[in-house]
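Working notes, beginning with the structure itself.
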Amino acid sequence: MTTIADILNLPRYSDLKLLTNAHQTDTDQTVQSVEISETPDIEYYIPNGVLLLTTAMSYADDQQGLISLIDSLIRAKAVGLGIKTGRFLGEIEPQIIEYAEKVNFPLIDIPNNYSLGSLLHQLLNQIWGTRYEEISFALDIQKKFFNLLLQNATNQIIINKLSQIVKTPIILLNPFKEIMDYSKHFNHSSNPVQHYVNQIVQKIHETNKEDDSFIINSPKGHEIQISLVPIQVHSHFPHYLVVVNPEQIPYPISSFAIDQAAMVLSFVLFKNEKVSESQQSIATEYFKELIDYHSSSDPSVRSFELNMKYGYLLSDYYQVVHVFSQAALEDTAPSLNQEERLILASQWLQKHIPDYFTNGLVLFFSVTKETIILIQREAPDLDEKLLAIRTQLNDSLNIELIFSIGNPYTDWKRINQSYIEAKLVFDERKSKLQTQPIIHYKDKGMVQLFHHLEKNDVRFFCENILKDFAYPKDPTLIELRKTLSVYLGAQCEIASAASTLFVHRNTVKYRILRCEEILGHAVNSPSHSLNLRLALALSEENL
């Protein structure tokens with residue numbers, strides 16, 4: 001890394017003169033390249049970090065034009081301007097120097113005896129020589145870390161090794177901005193790592209973007225700089241390498257060297273995720289086998305026993321919760337962004353489910369990106385906990401989870417039944433785009449038998465049995481239908497129906513008589529009541 005100050009301090013360039021005050025202009029910017037030009041609109045043709053050399057012949061008769069040139073170089077993010085005086089220009093006018101100082105832009109006087117072409121090559125050799133040292137060091141770091149990768153080193157070993165090389169504290173965060181590992185600098189209680197992470201998360205939340213640099217406060221209140229380096233394991237949700245005090249990293253360690261270490265770390269994290277996915281897939285395959293075995297009407301002769309090594313528990317309570325993304329309900333094939341959110345949500349659940357459900361299991365279906373939570377202890381506050389999970393993941397991943405819940409059972413051999421119920425709830429909510437956070441399975445009894453019939457056939461049956469009560473719009477008919485439904489549900493007992501409806505007995509009697517007039521028969525006869533109940537239940541879904 002070579003700066004203008006470095007160049008001017010070299011003995012071979014002692015006759016180059018900085019015209020602007022060193023305290024009023026920034027000579028510590030890195031010189032990325034050097035170019036020669038006499039073109040006034042050079043700003044459109046140079047990259048960032050250029051030191052421009054010129055004879056300024058275009059400004060021989062009007063040095064005021066140099067002010068516009070300086071402004072254009074600032075826009076192009078150049079780091080300085082060197083002017084060869086004595087050929088086209090004499091001395092640089094004081095007002096030009098004053099302006100350069102005002103805008104904090106280095107202005108260098110190059111003596112007439114210099115060849116700009118020779119100076120260009122000398123400076124480039126100086127810069128390239130420095131770059132070669134940086135690149136050589138970075139490649140050496142890369143080699144060391146790949147050796148660690150081949151040795152199956154843990155994240156902790158790699159983080160400590162990187163921290164040792166760059167001589168500054170390092171923290172590794174997962175996509176949820178949670179701590180995965182950190183260097184030995186944070187082992188002391190007076191320097192808690194969570195203190196730094198809390199501020200980083202807050203900064204990201206406040207700025208609504210993941211900047212690569214922040215100023216935060218140390219536990220003692222001192223301002224310190226941190227650098228955030230993304231590590232791409234997932235396309236949209238990277239891990240992060242937090243470098244504390246990056247400005248103190250000694251030469252020749254460059255950002256390129258940090259990037260090399262981050263790249264190797266990405267391989268390690270990717271490998272670890274794939275190993276975890278492989279283990280998870282084995283557990284998921286066992287769950288599928290369990291479901292298929294107990295769902296089959298012709299199970300094999302062998303006895304299927306619950307395998308405890310996958311985390312199953314002999315209990316008197318089993319309940320399945322199906323987990324998916326609300327946004328993905330509308331799509332037959334979730335986008336890559338949605339898929340990654342679902343994968344990360346499942347990973348988060350695998351890590352944190354013990355915080356919510358003792359002995360809970362999380363199973364992930366890699367093809368459909370669906371997650372199953374198997375609850376193995378009764379949870380009276382089930383909905384509250386699921387809503388807390390939903391809130392947490394919405395804050396971390398901007399994903400809104402929905403939960404479809406099967407009934408609880410006391411025998412592990414009925415896990416398949418709870419799973420089927422949870423899937424039925426999900427399939428129904430997907431077909432109807434029901435986005436409520438939590439839906440529990442409700443046994444529909446005989447109504448379930450009609451689900452695969454044509455809608456027109458079901459509608460004809462309901463209209464034939466219920467007449468005007470099938471799909472009423474008139475408020476009076478709606479009220480009569482409600483009374484009819486409550487009356488049948490109360491086993492045709494007027495007193496019980498009146499109590500449920502909060503009306504007088506005579507009101508119920510009158511309404512039932514009106515219903516019988518419209519239907520053309522008594523509603524409490526066994527030959528009609530079953531059909532009435534069924535038609536009321538079937539038509540209820542379309543009201």
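Quick note: numbers below take in every heavy atom, side chains included, and nothing from hydrogens, waters or symmetry partners. Only a predicted model underlies this, so the values are computations on that prediction, with no experimental measurement involved.
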From E101 CD over to N21 CG, what is the distance, rounded to the nearest 0.5 angstrom? 5.5 Å
Is the number of heavy atoms from other residues, nucleotides or ligands within 6.0 Å of CD (Q436) greater than 12? yes
Ignoring hydrogens and angles, state whether a donor on the side chain of Q232 or S266 is under 3.5 Å from an acceptor on the partner side chain. no
List the residues meeting ring pair (Phe, Tyr, Trp, His ring centres under 6.0 Å) with Y99, not counting sequence neighbours, and say none if there are none. none
Of all heavy-atom pairs between S163 and T168, which one has the smallest distance, and what is that distance? OG-O, 2.8 Å
Under 6.0 Å from the CZ atom of F146, do we count more than 12 heavy atoms belonging to anything else shown? yes
Roughly how far, to the nearest 0.5 Å, is the NE2 atom of H234 from the CG atom of N174? 9.5 Å
Distance-minimising heavy-atom pair for S404 and V425: CB-CG1, 3.6 Å
Contacts satisfying salt bridge (Lys or Arg N to Asp or Glu O under 4.0 Å) that involve residues 342-368 (not counting sequence neighbours) are E178-K351
Could you please spell out the steps behind the ring-ring contact (aromatic ring centres under 6.0 Å, His included) verdict for Y196 and F186? CA-CA 10 Å; Y196 296 84; F186 301 102; 5.2 Å; yes
Neighbour count >12 (heavy atoms, 6.0 Å) for atom CD, E384: no
Test side-chain hydrogen bond (donor to acceptor under 3.5 Å, both in side chains) applied to N398 - qualifying residues, sequence neighbours left out: none
Just jot down the side-chain hydrogen bond (donor to acceptor under 3.5 Å, both in side chains) partners of D26, sequence neighbours excluded, or say none. none
Can you tell me how the ring of Y419 sits relative to the ring of F365, calling it parallel under 30°, perpendicular over 60° and tilted otherwise? parallel
Under 6.0 Å from the CG atom of D61, do we count more than 12 heavy atoms belonging to anything else shown? no
Are F88 and Y59 near enough that their ring centres are under 6.0 Å apart? no
Shortest non-hydrogen contact between P106 and L18, atoms and distance: CB-CD1, 4.3 Å
Can you name the side-chain contact (heavy atoms from CB on, under 4.5 Å) partners of I157, sequence neighbours left out? L148, A153, T154
Tell me whether F270 at atom CZ has more than 12 heavy atoms from other residues, nucleotides or ligands lying less than 6.0 Å away. no
Please find out if less than 6.0 Å separates the ring center of Y286 from that of Y312. yes
Would you check, one step at a time, whether the test side chain to side chain contact (heavy atoms under 4.5 Å, CB included) holds for T371 with F324? CA-CA 7 Å; T371 297; F324 209 59; over 6 Å; no
Is it the case that over 12 heavy atoms from other parts of the model lie below 6.0 angstrom from the NZ atom of K17? no
Heavy atoms of other groups near K77 NZ, more than 12 under 6.0 Å: no
For Y182, enumerate each residue passing the ring pair (Phe, Tyr, Trp, His ring centres under 6.0 Å) test, keeping only those at least two apart in sequence or located in another chain. none
